[in-house]
There are 2 protein chains.
Amino acid sequence: MFSKACEYGIKSTIYIAEQSIDGKRVSIKEVTKAINSPEAYTSKILQQLKKNEIISSDKGPGGGFSIDNITMEKITLKDIVYSFDGDKIYKGCGLGLNQCNAVRPCPVHHEFAIIRDGLTRLLEETTIKSLALQLQGGLSFLKA
Amino acid sequence: MFSKACEYGIKSTIYIAEQSIDGKRVSIKEVTKAINSPEAYTSKILQQLKKNEIISSDKGPGGGFSIDNITMEKITLKDIVYSFDGDKIYKGCGLGLNQCNAVRPCPVHHEFAIIRDGLTRLLEETTIKSLALQLQGGLSFLKA
DNA sequence: TTATTAGGGGACAATATTGTCCATTATTAT
DNA sequence: ATAATAATGGACAATATTGTCCCCTAATAA
Ligand code: FES
Ligand code: FES
């Protein structure tokens, strides 16, 4: 469904948001521990999230990654997925045709488009803050 | 969504079925022309489809690939997807946790599971024959 | 100013996926 | 039998993705 990079990106962002709600900045080590991911690779992921203005970072002692409250309310899963996997999941053809086109549909277009649009809505409507709050409430988990 | 191999597998199968309805066997070259795919690679795909008893093949002049009528009514998209991509799309966690588990859900589990189950139903219920007939009727297309 | 802390970035390595090449085998028709 | 046809199979190559290593830069505190 999503690339590994995107999965790490989503999980990292949710974790950072959860900690930011408590006013805590987190280091890369804390992130990788929380989401069970390779450290150096996750570091690249976080850099990309920063470039896309999804998270913030501060160097030096007391530094780390964070997300301000306004951003975590504004950013949705769609923004993160778009950063890593582009828009093929929203717009791409399920059978890999150059472009999805209702007037020249592939054999699965009609059925597939419904699923895909449902997924798009979900990703658009789910904010990072809502996911972070669920996590904080012990209603969801970031690793097995 | 699906691997390239799986996409080629689906398209090949639908095309072969369409031709089989007309009693025609098709060669690799015809398949790759119809679905616009690399020939040697598609050849591997067809071998795998054969191993999984989704299509039949016959060597020699007059030979080629085919699907008998009973099989094309029985085989669904799910069978093909399973052959190439396994069951992660049906059972896997959207955020890549080791296993999807409702009692220890990842942050997107509840929303994601609905989408995923819808996709599963779609793949289970769609037969190759139905897709082949649509294609034959000019209602869908295998390449741009 | 210096030691320490923590993110940034470049090069590289491992792995998986996608794709190619070429020789072989089986089948059919002549 | 022989030639032609068409799938089969193995080795290999290209590319994309995932992951690692190591040094650099910035910030803070002592
Ligand atoms: S054309 Fe394939 S999904 Fe729309
Ligand atoms: S636990 Fe992630 S989708 Fe079910």
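Protein chains get the first letters and strands the later ones, always in sequence-line order, with residue 1 at the start of each.
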* Structure fact -> Contacts of A/S3 and B/I28 projected onto DNA chain D by closest heavy atom; the upstream (5') one is B/I28
* To do: Grab the CG-P distance between B/D58 and C/dT28 for me, whole Å please.
  => 8 Å
* Give a yes-or-no answer on whether the side chains of B/S37 and B/T42 include a donor-acceptor pair shorter than 3.5 Å. => yes
* Test salt bridge (Lys or Arg N to Asp or Glu O under 4.0 Å) applied to A/R121 and A/E124, step by step -> CA-CA 5 Å; A/R121 269 192 47 143; A/E124 277 173 351; over 6 Å; no
* Between P of C/dT17 and CD of B/Q48, the distance in whole Å -> 12 Å
* Whole-Å distance separating the NZ atom of B/K29 from the C1' atom of C/dT20 -> 13 Å
* Is there a donor on the side chain of B/K4 or the base of C/dT17 sitting less than 3.5 Å from an acceptor on the other? -> no
* Asked: Tell me: NZ of A/K59 to C1' of C/dG7, nearest whole Å?
  -> 6 Å
* Roughly how many Å is it from CG in A/D85 to P in D/dA16, rounded to a whole number? -> 15 Å
* Asked: Does B/Y8 have a side-chain nitrogen or oxygen under 4.0 Å from the phosphate oxygens OP1 or OP2 of C/dT18?
  -> no
* If we only count heavy atoms from C-beta on, is the A/I10 to A/V81 side-chain gap below 4.5 Å? -> yes
* Which atom of B/T127 lies closest to which atom of B/M72, heavy atoms considered -> CB-O, 3.9 Å
* A/K50 side chain near C/dG8 phosphate (N/O to OP1/OP2, under 4.0 Å) -> yes
* Asked: Looking for any heavy atom pair under 4.0 Å, which part of the strands does A/V26 touch: base, sugar-phosphate only, or nothing?
  -> sugar-phosphate
* Structure fact -> Residues in residues 36-45 of chain B with a heavy atom under 4.0 Å of DNA chain C, by number, are B/P38, B/A40, B/Y41, B/K44
* Distance, rounded to the nearest Å, where A/I16 contributes CD1 and C/dG7 contributes C1' -> 12 Å
* **Interatomic spacing from CD1 in B/I16 to CD1 in B/I128 - rounded to 0.5 Å** => 10.5 Å
* To do: Indicate whether the side chain of A/T120 and that of A/D117 have a donor and an acceptor atom separated by less than 3.5 Å.
  => no
* Looking at A/F65, is A/K50 sitting on its ring face, NZ or CZ under 6.0 Å from the six-membered ring centre and within 45 degrees of the normal? -> no
* Asked: Can you tell me how far P of C/dG7 sits from NZ of A/K51, to the nearest Å?
  -> 16 Å
* Asked: Does B/S57 put a side-chain nitrogen or oxygen below 4.0 Å from OP1 or OP2 of D/dA6?
  -> no
* Asked: Would you say a side-chain N or O of A/Q47 is under 4.0 Å from OP1 or OP2 of C/dG7?
  -> no
* Asked: CG of B/L49 versus C1' of D/dT8: gap in Å, rounded?
  -> 15 Å
